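Encoded as structure tokens, the structure appears first; notes follow it.
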Amino acid sequence: MSFIQQTTDKNYYRSSKQLFALIDCNSFYASCERIFNTKIIKKPVVVLSNNDGCIIARSDEAKELGIQMGEPFFKAKDIITKNKVNVFSSNYSLYGDISNRVMEVLSTFSPEIEIYSIDEAFLKFDGFNEKKIDDHCKKIRDTIKQWIGIPVSVGVGRTKTLAKVANHLAKKNKEKKGISILLEEKEIKQELSILDVKDIWGIGKKLSIFLKSNGIYSAFDFLQKERGWVRKNMGVIGERIVMELLGLSCLSLEMIPNSKKNCCVSRSFGYPIETFEDLSQSVANYATRAAEKLREDNLVTNVMSLFLLTNYFNKKDLQYSNSLKIQIDYLTNDTVVIVKKALEGLKKIYRPGYKYKKAGIIMLNLSQESNIQGLFEFNKEKSSSLMKSFDSINLRYGNSTIHTAAEGINKLWSMQRQKMSPCYTTRFNELLKVDL
DNA sequence: TCTGGGGTCCTAGGACCC
DNA sequence: TCTGGGGTCCTAGGACCC
């Protein structure tokens, strides 16, 4: 028996009182660039990943030109030049700051908010009069646009997954004007029957290929499958998606962000690098940043993983990749210790004769700093006062004002970001430079 | 020439124990 | 010759997300 047969009588679509709204900023990074550069409004805009490698955000005008998400920049270069597309390197401090402002405004519209990503948040609309929801959504959209200058889409449903579906419709159908409220059973079924399985939240590339090879093309087709089949082939995740699409909420609003379990710092190099010297400078730099990130969140660890790899796109070159798990004898977030351990690890997995493309560090099994106790109290205090000075100097005078000797001075390996906009909202000095 | 970065969760299978 | 079975814990890898 399929899920839908089992559940039709129970009429889940009407049973739940709770409502979720998903607010999603349209082409977020491109929209951020537009706030401070009015000349590019209504013009095609794309934003590139680190190293100006891939296209990671596109304005509607850029989408219409056929530029694909995730497409390598060099492949789209012809279309970009021909159509005078405005191109920006990513400027995460700008986007992060704008995101905080958007979230702050959103939180005035409901006491229950989950910040889901840099450009998305779920709000809970419990106890709202359904007739007034549309007005409320309009107000959200207008306020964010007016106060911050970012266009958003709003989708409302009885589960997070249905709110995602609604948001998808709000974005896709122009006549909806950025708002879609999906609560009526008939309408839900209608929309699910034309929703491609690949567009369901939680179903990615692999699963959608698998589903289509089994004759499942729409979300509605998916709901026709027997429960046992879904469980067997897609595990609990598949089952959960089905329940959510049927209006049975399985995913709750996470108002308090869980503390991070891992923390990764990795970059592709601006140029392929071969020497141990260059590689160790980059690893020292990533380890330094990783330690800083831990201190920002008051976290510590005693285990980390180091990895490095060559460019697998470059078929002519010899390929090598390796990773190493590194244990530290005590919990720490001390830059000096973490850099030292990372470099010791690098010696073990570095092999000469390869052109390295990327390296990174993952801090694992993170726990709260307050957990440090016992034998290492002495070291802890000494280290944390040094690290505090380290962090406050870098905060005041800019990143990497102070750094460990291992990071080196000639950063040949560092990223290329040729088209970056100024950090309008976060770095006064840079703004001055530009204005002058 | 040029192909991102940072996360989460789930599962299968091995190690180990009694 | 014949060599248990069930439980737990850990880890690597795969899938997904933005």
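Order of the sequence lines fixes the chain letters, A, B, ..., with proteins taken first and strands second; residue numbering starts at 1 for each chain. Scope of the values below: all heavy atoms of this structure, side chains included, with no hydrogens, waters or symmetry mates. In this text the structure is predicted, and so the values were computed from the model without any measurement.
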* Those residues that, when tested against A/Y354, pass side chain to side chain donor-acceptor pair (under 3.5 Å) (two or more places apart) ->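 Checked A/Y354 against side chain to side chain donor-acceptor pair (under 3.5 Å); zero matches.
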
* With sequence neighbours excluded, tell me which residues meet side chain to side chain donor-acceptor pair (under 3.5 Å) with A/T275. =>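 A/T275 satisfies side chain to side chain donor-acceptor pair (under 3.5 Å) with A/D278 only.
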
* Asked: Would a distance-only check, ignoring hydrogens and angles, find a side-chain to backbone donor-acceptor pair under 3.5 Å from A/S99 to A/I118?
  ->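 Yes, the answer is positive, given that a donor and an acceptor are paired below the 3.5 Å cut-off.
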
* Judged by atom type as modelled, is there a donor-acceptor pair below 3.5 Å linking the side chain of A/T301 to the main-chain atoms of A/L364? ->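 Checked: pair present.
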
* To do: May I ask you to decide if the ring planes of A/F28 and A/Y95 are parallel, tilted or perpendicular, using 30° and 60° as cut-offs?
  =>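 Rings of A/F28 and A/Y95: perpendicular, as their planes differ by over 60°.
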
* To do: May I ask you to decide if the ring planes of A/F269 and A/Y286 are parallel, tilted or perpendicular, using 30° and 60° as cut-offs?
  =>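 Because their plane-to-plane angle is under 30°, the rings of A/F269 and A/Y286 count as parallel.
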
[X] vs [N]: side-chain N/O to OP1/OP2 distance below 4.0 Å:
X	N	value
A/S268	B/dG5	yes
A/S266	B/dG4	no
A/K357	B/dT3	yes

* Could you go through the salt bridge (Lys or Arg N to Asp or Glu O under 4.0 Å) check for A/D97 and A/R101 one step at a time? => CA-CA 7 Å; A/D97 188 58; A/R101 294 168 195 228; 2.9 Å; yes

* To do: Identify the heavy atoms of A/S89 and A/E33 that sit nearest to each other, and give their distance.
  =>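 Scanning both residues, the minimum pair turns out to be O-OE2, 4.2 Å.
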
* 5'-most contact on DNA chain B: A/P272 or A/I237, nearest heavy atom basis? ->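 The residue whose closest nucleotide sits nearer the 5' end is A/P272.
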
* **DNA chain B: 5'-proximal contact among A/V265 and A/V236 (nearest heavy atom)** =>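 Whichever sits nearer the 5' end wins; that is A/V265.
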
Between protein and nucleotides 10-15 of chain C, what N or O pairs are separated by less than 3.5 Å?
from, atom 1, to, atom 2, distance (Å)
C/dA15, OP2, A/K206, NZ, 3.2

* Has A/K355 got more than 12 heavy atoms of other residues, nucleotides or ligands less than 6.0 Å from its NZ? ->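 For A/K355, atom NZ is not crowded (no more than 12 foreign heavy atoms under 6.0 Å).
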
* To do: Return each pair, listed once, that meets ring-ring contact (aromatic ring centres under 6.0 Å, His included) where at least one residue sits in residues 197-216 of chain A; pairs must be two or more places apart or across chains.
  =>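 Qualifying pairs, neighbours excluded: A/Y116-A/W201, A/F122-A/W201, A/F210-A/W229.
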
side-chain contact (heavy atoms from CB on, under 4.5 Å) partners for [X], two or more places apart:
X	value
A/N86	A/I40, A/K43, A/V45, A/F88
A/K172	A/H168
A/S367	A/V300, A/L331, A/N371

For [X], which contact category applies under a 4.0 Å heavy-atom criterion: base, sugar-phosphate, or nothing?
X	value
A/E71	nothing
A/Y116	sugar-phosphate
A/F73	nothing
A/D52	nothing

May I have the distance from [X] (atom [atom1]) to [N] (atom [atom2]), rounded to whole angstrom?
X	N	atom1	atom2	answer
A/K77	B/dC2	NZ	C1'	7 Å
A/N285	B/dG5	CG	C1'	15 Å
A/K75	B/dG4	NZ	C1'	15 Å
A/K198	C/dC17	NZ	C1'	16 Å
A/F74	B/dC2	CZ	P	8 Å
A/N311	B/dG4	CG	C1'	13 Å
A/I200	C/dC17	CD1	P	10 Å
A/I203	C/dC18	CD1	P	13 Å

Nucleic acid contacts - [range] versus DNA chain B, non-hydrogen atoms under 4.0 Å:
range	result
residues 80-88 of chain A	none
residues 164-171 of chain A	none
residues 252-262 of chain A	A/K260, A/K261, A/N262

* Residue among A/D317, A/N311, A/T310 satisfying side chain to side chain donor-acceptor pair (under 3.5 Å) with A/N314 ->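 Exactly one candidate clears the test, A/D317.
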
* Evaluate the side chain to side chain donor-acceptor pair (under 3.5 Å) criterion for residues A/S153 and A/D24: first the C-alpha distance (whole Å), next the side-chain angles of each, then the deciding distance (0.1 Å), finally the verdict. => CA-CA 5 Å; A/S153 301; A/D24 185 328; over 6 Å; no

* **C1'-based separation of B/dG4 from C/dC17 [nearest Å]** =>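 To the nearest whole Å, 15 Å.
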
* With a 4.5 Å limit on heavy-atom distance, are the side chains of A/N302 and A/D329 in contact? ->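 The answer is no; the side chains never approach within 4.5 Å.
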
* Looking at side-chain heavy atoms only, is the closest gap between A/R58 and A/V85 below 4.5 Å? ->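 They are not in side-chain contact.
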
* Reading DNA chain B 5' to 3', how would its secondary structure be written in dot-bracket notation, given Watson-Crick and G-U pairs with both distances under 3.5 Å, brackets [ ] for crossing pairs and | for partners on other strands? -> ....||||||||||||||

* All ring pair (Phe, Tyr, Trp, His ring centres under 6.0 Å) counterparts of A/H136, not counting sequence neighbours ->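 For A/H136 the ring pair (Phe, Tyr, Trp, His ring centres under 6.0 Å) partners, ignoring immediate neighbours, are A/F109, A/F125, A/F128.
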
* Listed nucleotide nearest any side-chain atom of A/K293, set B/dG6, B/dT3, B/dG5 ->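 Selected nucleotide: B/dG6.
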
